[in-house]
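Structure first, commentary second.
Chain naming here is simple, since letters A, B, ... match the order of the sequence lines and numbering starts at 1 in each. As a basis for the values below, the full set of heavy atoms in this structure was taken, side chains included, without hydrogen atoms, waters or symmetry mates. No experiment lies behind these values; they were computed from the predicted model shown.
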Protein chains: 2
Amino acid sequence: MAKLDLFRFVPFRLNRLAVEVSSALSVEYQERYGLDIPEWRILATLGFRVEPCSAQYIAHCTRTHKSTISRAVTALMKRQLVERVENADDRREFALRMTRKGKALYEELIPRLLRREQEILCCLSAQERRDFAALLGKIENSLDLVQTAKDAGVKDGY
Amino acid sequence: MAKLDLFRFVPFRLNRLAVEVSSALSVEYQERYGLDIPEWRILATLGFRVEPCSAQYIAHCTRTHKSTISRAVTALMKRQLVERVENADDRREFALRMTRKGKALYEELIPRLLRREQEILCCLSAQERRDFAALLGKIENSLDLVQTAKDAGVKDGY
DNA sequence: TTAAGATAGTCGCATCTGCAACGATCTAAA
DNA sequence: TTTAGATCGTTGCAGATGCGACTATCTTAA
């Protein structure tokens with residue numbers, strides 16, 4: 001008889017691990033700063049890139065649905081953490097960027113999240129962390145989840 | 001200035017990977033058999049264990065909320081894939097087990113899912129898969145996500 | 001025995017998020 | 001230029017799910 005041990009089944013393990021890790025991190029961005037995951041992803045994308053970028057771009061490269069990003073942008077603008085400027089070249093889209101207030105929050109939040117990540121990975125040696133990152137990279141690659149430079153020009157959908 | 005590269009940030013990568021892998025698998029259990037994730041988890045748990053078990057037990061060891069399990073059990077019973085028997089010792093809980101029809105579906109589904117898992121991991125060598133599993137195990141362990149024998153007696157909450 | 005507290009499972013509620021339709025705008029081809 | 005099709009962002013809707021309250025039941029201690 002065919003059997004499957006859920007606890008050795010990689011898809012299940014990834015799911016459970018992701019949920020657990022997310023909930024460990026949400027203590028920081030959710031409870032402390034009132035951000036949800038999509039909102040945090042927007043700030044993370046804007047903070048990492050030098051140039052402002054469109055909602056569509058964020059949706060694509062974080063693999064988050066554009067409607068979810070749209071709602072999160074609205075919320076962030078209400079809190080004046082993010083602002084958008086019209087794009088003269090293409091008036092359908094807006095360039096998003098963090099406000100001074102948004103940047104200040106980002107500056108506070110990042111070290112906290114990096115510390116949490118280290119706590120989660122503290123059970124691994126430095127070499128093991130590199131190995132783990134490399135293995136994740138291979139799987140991402142094979143699933144076409146990598147972020148490439150040309151992705152900046154990617155279109156609708158996700 | 002503090003920066004964080006979302007694409008090197010393990011929590012984000014895990015989340016994105018889990019979503020992607022789940023959606024690759026859902027082709028099998030969702031589209032083909034009309035099961036959602038909680039329903040699949042119930043069948044997987046019942047199929048792997050020899051003894052029937054309670055909804056609470058499934059909720060705990062799959063880390064799924066008990067209300068979610070409750071609804072999924074209702075749905076599975078409606079489809080006659082699962083049945084429950086009263087527990088004379090404790091009339092609050094029910095013992096769950098697959099029906100013949102449920103077992104047949106399970107038997108069909110398992111090889112398909114295992115094949116999908118292999119497809120996802122095909123970018124890794126046999127050794128790399130072992131390494132990846134071991135690293136996942138370390139992290140799970142440190143986050144207390146491991147399934148232990150005594151978990152069978154675990155109580156409410158999840 | 002009785003009473004207080006814990007636990008199993010159910011359900012209403014609120015929230016989150018994907019889907020799809022929509023208006024506005026851009027692009028490309030006739 | 002005109003028109004068909006694509007794309008950006010928004011929004012209504014529906015489905016999924018966590019939370020908390022609830023009932024029924026069990027356990028433990030007075």
What's the closest nucleotide to the A:S70 side chain, out of D:dT11, C:dG18, C:dA21?
-> D:dT11
Which pairs with one or both residues in [range] pass salt bridge (Lys or Arg N to Asp or Glu O under 4.0 Å), sequence neighbours excluded?
{"range": "residues 23-44 of chain B", "value": "B:E28-B:R112, B:E28-B:R116"}
{"range": "residues 126-135 of chain A", "value": "A:E128-B:K138"}
{"range": "residues 93-109 of chain B", "value": "B:E83-B:R97"}

Closest non-hydrogen atom pair between A:I42 and A:I69, with its separation | CD1-O, 3.9 Å
Closest heavy-atom pair and its distance - B:P11, A:V21 = CB-CG1, 3.5 Å
In whole angstrom, what separates [X]'s [atom1] from [N]'s [atom2]?
{"X": "A:I69", "N": "C:dC16", "atom1": "CD1", "atom2": "C1'", "value": "13 Å"}
{"X": "A:I42", "N": "C:dT17", "atom1": "CD1", "atom2": "C1'", "value": "14 Å"}
{"X": "A:L96", "N": "D:dC8", "atom1": "CG", "atom2": "C1'", "value": "12 Å"}
{"X": "B:F94", "N": "D:dA24", "atom1": "CZ", "atom2": "P", "value": "13 Å"}
{"X": "A:Q56", "N": "D:dA6", "atom1": "CD", "atom2": "P", "value": "16 Å"}
{"X": "A:Q30", "N": "D:dC19", "atom1": "CD", "atom2": "C1'", "value": "14 Å"}
{"X": "B:H60", "N": "C:dT7", "atom1": "NE2", "atom2": "C1'", "value": "14 Å"}
{"X": "B:H65", "N": "C:dC13", "atom1": "NE2", "atom2": "P", "value": "17 Å"}

Atom CD of B:Q80: over 12 foreign heavy atoms under 6.0 Å = no
Does a sphere of radius 6.0 Å around CD in A:E86 hold more than 12 heavy atoms from other residues, nucleotides or ligands, not counting ones at 6.0 Å or beyond?
-> no
So does A:R71 reach the base of D:dG12 with its side chain, donor to acceptor, closer than 3.5 Å?
-> yes
Report yes if the side chains of A:Y29 and A:I37 come closer than 4.5 Å at any heavy-atom pair, otherwise no.
-> yes
Do the non-hydrogen side-chain atoms of A:P111 and A:R115 ever get within less than 4.5 Å of each other?
-> yes
Base-pair string, DNA chain C, Watson-Crick plus G-U, cut-off 3.5 Å on both distances, | for inter-strand, is ||||||||||||||||||||||||||||||
At under 4.0 Å between heavy atoms, what does A:S67 touch on the DNA or RNA strands: base, sugar-phosphate, or nothing?
-> base
Measure the NZ-CG distance between B:K3 and A:L114 for me, rounded to the nearest 0.5 Å.
-> 13.0 Å
Mark yes or no for whether B:R84, through its side chain, and B:V73, through its backbone, hold a donor-acceptor pair below 3.5 Å.
-> no
Kindly assign one of parallel, tilted or perpendicular to the pair B:F132 and A:F132, based on the angle between their ring planes and the thresholds 30° and 60°.
-> parallel
Those residues of residues 73-85 of chain B lying under 4.0 Å from DNA chain C by at least one heavy atom = B:R84
Distances under 3.5 Å between nitrogen or oxygen atoms of protein and nucleotides 25-28 of chain C:
{"from": "C:dT25", "atom 1": "OP1", "to": "A:R91", "atom 2": "NH2", "distance (Å)": "3.4"}
{"from": "C:dC26", "atom 1": "OP1", "to": "A:R91", "atom 2": "N", "distance (Å)": "2.8"}

When you match A:P38 and B:A55 each to their closest nucleotide on DNA chain C, which lands nearer the 5' end?
-> B:A55
